Structures are given as structure tokens and as C-alpha cells.
Amino acid sequence: YGIDPSVLESIAKEVAAAVQEGIQVAIVVGGGNFFRGVDRWDGMERATADYVGMLATVMNAMCLQSALEHEGVQTRVQTAIEMQEIAEPYIRRRAIRHLERG
């Protein structure tokens, strides 16, 4: 469990190379390295476990965002859970506009 900075750096370098070639990149991140809803314990509702997993996903997205921006790649983190201080709400059309704008 956790995050390996060398893996983040490697992924960021690969994505940066693709972006430099003019490729539009959208990445869907998961949070299984922190928490998996199926591993919840008795007493934790499934919906709560799902929310914890979504928070883990945002944690990973923010770490990847930092690594990508270190490589000079413009990024946006979007999430279905409202967290205005750290991420934009996911709106499909907005996501497409971000890709179109580069």
C-alpha cells in the first residue's frame, strides 16, 4: 500500500513525452493502493466504503498531478465528490473542453 514516488515520476515522464508529441491524454485514477471497498469490515456500510475509496482516488490523483506538473504538463483533477479546494467537479462536457484546449 501507499505511493512510490519513483513510479509516479516514471508515469509522469511517459505522459509528458506523449503530450509533447501532441497527444491528448486523460487519465482515470483509482485508489486501491490505499483502500478497497470490498475489504471493508463488518459495521462499515458499503456506501461509506465507496466514499473512502473515492477519497483514496483523489489522493492518488493529486499526487499524480504534482508529478505531471513537475514535468511541465498542465493538469486538472476532477471528481464526482465535491471538493472545491482541491478539485473541479466532474462534468463530462467540461472535461472534453479541457482536452480540446490542451
Side-chain angles (χ1 to χ4, degrees):
Y1 287 113
I3 295 175
D4 184 340
S6 65
V7 172
L8 278 177
E9 182 180 321
S10 175
I11 292 168
K13 287 182 184 303
E14 288 184 34
V15 171
V19 169
Q20 289 172 355
E21 293 292 323
I23 298 170
Q24 291 181 329
V25 179
I27 300 172
V28 178
V29 176
N33 56 314
F34 286 114
F35 185 84
R36 295 180 180 276
V38 297
D39 295 334
R40 73 185 192 280
W41 55 89
D42 288 338
M44 178 182 264
E45 294 180 8
R46 177 60 195 238
T48 300
D50 289 343
Y51 283 129
V52 172
M54 288 181 211
L55 293 171
T57 296
V58 172
M59 290 167 55
N60 279 337
M62 291 175 65
C63 291
L64 182 57
Q65 179 181 44
S66 292
L68 288 165
E69 289 179 349
H70 183 75
E71 294 298 321
V73 178
Q74 289 185 350
T75 66
R76 295 273 200 278
V77 171
Q78 295 186 322
T79 177
I81 297 178
E82 194 168 319
M83 298 182 202
Q84 293 179 2
E85 290 79 12
I86 58 174
E88 295 180 359
Y90 172 75
I91 300 168
R92 183 179 174 275
R93 289 182 180 188
R94 181 182 288 177
I96 291 169
R97 274 198 308 272
H98 285 322
L99 285 170
E100 290 171 349
R101 291 181 185 159

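As a basis for the values below, the full set of heavy atoms in this structure was taken, side chains included, without hydrogen atoms, waters or symmetry mates. Just so it is clear, the structure is predicted and the values come from calculations on it, not from any experiment.
Criterion: ILVMFWY side-chain heavy atoms under 4.5 Å apart, direct or through other members. Under it, Val7 and Ile3 are part of a common hydrophobic cluster. When hydrophobic clusters are built by joining Ile, Leu, Val, Met, Phe, Trp and Tyr residues whose side-chain heavy atoms come closer than 4.5 Å, directly or via intermediates, Met59 is not grouped with Tyr51. The hydrophobic clustering, which links ILVMFWY residues whose side-chain heavy atoms are closer than 4.5 Å, places Leu8 and Val29 together. In the hydrophobic clustering of this structure, Ile81 groups with Met62; members are Ile, Leu, Val, Met, Phe, Trp, Tyr whose side-chain heavy atoms approach within less than 4.5 Å, directly or through other members. Put simply, Val58 and Ile11 are part of two different groups of oily side chains (I, L, V, M, F, W, Y) that touch within less than 4.5 Å, one to the next.
Here the side chain of Thr57 pairs a donor or acceptor atom with the backbone of Gly53 at under 3.5 angstrom.
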Let's go through Arg92 and Tyr90 carefully: what are the C-alpha distance in whole Å and the side-chain angles of both, what is the deciding distance for side chain to side chain contact (heavy atoms under 4.5 Å, CB included) to 0.1 Å, and is it a yes or a no? CA-CA 6 Å; Arg92 183 179 174 275; Tyr90 172 75; 3.6 Å; yes
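Inter-residue side-chain proximity for Leu55 and Met83 is flagged as met; some heavy-atom pair is nearer than 4.5 Å. Val19 places a side-chain heavy atom less than 4.5 Å from the side chain of Val15. Residues Ser10 and Glu14 form a side-chain contact, since some pair of their non-hydrogen atoms from C-beta on lies under 4.5 Å apart.
Separation of atoms CG (Leu68) and CZ (Arg76) is listed at 13.5 Å; rounding is to 0.5 Å.
Not a single side chain to side chain donor-acceptor pair (under 3.5 Å) links Arg94 to another residue, sequence neighbours left out.
Annotation for Gln74: atom CD does not count as buried by contact number, only 12 or fewer foreign heavy atoms lying within 6.0 Å.
Across Thr79 and Ala87, no two heavy atoms sit closer than the pair CG2-CB, 3.7 Å.
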